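Everything on this sheet refers to the single structure shown next.
Reckoned from all heavy atoms, side chains included, excluding hydrogens, waters and symmetry mates. The model shown is predicted, which means the values in this text are computed figures rather than measured ones.
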Amino acid sequence: MGIAAFVLGIISLVMGWIPFICFITLMTAIIGLILGIIDVIKKGKMNEKNKGFGIAGLITSAIAIPIILIMSVVSIAIMVDDGDIDDIDNRYYEYYDNDYDGWYWYNNYYHKNRLNDYKTL
């Protein structure tokens with residue numbers, strides 16, 4: 001059970017950073033935490049010395065749970081965002097100078113000069 005707790009803890013720790021997948025990994029972290037606790041208690045009662053995987057699974061699952069909860073809040077915030085795709089100009093480019101057009105410069109100066117450079121080769 002200790003190895004299973006450790007594997008579930010590692011999977012939860014790695015996959016818990018990914019938005020929307022973190023909801024699934026919360027279950028694996030909780031299962032890994034429970035298996036780690038059971039393994040440590042069981043081996044403690046039997047006076048066995050090899051509790052390493054159980055403790056490692058317990059720690060990795062315990063570290064993964066707060067990370068997963070934070071990413072769950074981020075995922076919910078992404079889902080709730082009511083940003084309109086038509087409003088993107090107003091939100092991100094409100095100081096954009098409409099008189100300046102970077103493509104005009106690219107097409108008339110840079111692109112033509114680059115084509116002339118290749119023609120001379």
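Here the side chains of K43 and N50 are in contact, with some heavy-atom distance below 4.5 Å. Residues T25 and W17 form no side-chain contact, since every pair of their non-hydrogen atoms from C-beta on lies 4.5 Å or further apart. Taking 4.5 Å as the limit, some side-chain heavy atom of I63 sits within range of a side-chain heavy atom of I59.
A donor-acceptor pair is defined here as one N or O able to donate and one able to accept, closer than 3.5 Å; no such pair exists between the side chain of S61 and the backbone of L58.
A distance of 9.0 Å separates OG1 in T60 from CG in L33, rounded to the nearest 0.5 Å. Residue I3 holds its CD1 atom at 9.0 Å from CG of D39, rounded to the nearest 0.5 Å. Remark: L26 CG to M71 CE distance equals 13.0 Å, nearest 0.5 Å. In this structure, OG on S72 lies 11.0 Å from CD1 on I65, to the nearest 0.5 angstrom. How far OG1 of T28 is from CD1 of I68: 5.5 Å, rounded to the nearest 0.5 Å.
In this structure, F23 and F20 approach most closely via the heavy-atom pair CD1-O, 3.5 Å. Counting all heavy atoms, side chain and backbone alike, A5 lies closest to G36 at CB-N, 3.4 Å. Contact detail for P66 and A62: the closest heavy-atom pair is CD-O, 3.0 Å. Taking all atoms of both residues into account, the shortest heavy-atom contact from G9 to A64 is O-CB, 4.5 Å.
There is a path of hydrophobic side-chain contacts, each under 4.5 Å, that joins M1 to I30. Residues I41 and L35 share a single hydrophobic cluster, defined by chaining ILVMFWY side chains whose heavy atoms lie under 4.5 Å apart. Note on I34: it does not cluster hydrophobically with F6, by side-chain heavy-atom contacts below 4.5 Å among ILVMFWY residues. Under the 4.5 Å side-chain heavy-atom criterion for ILVMFWY residues, no single connected hydrophobic cluster contains both V14 and V74. V7 and I31 sit in two unconnected hydrophobic clusters of ILVMFWY residues. Membership requires side-chain heavy atoms under 4.5 Å apart, directly or through other members.
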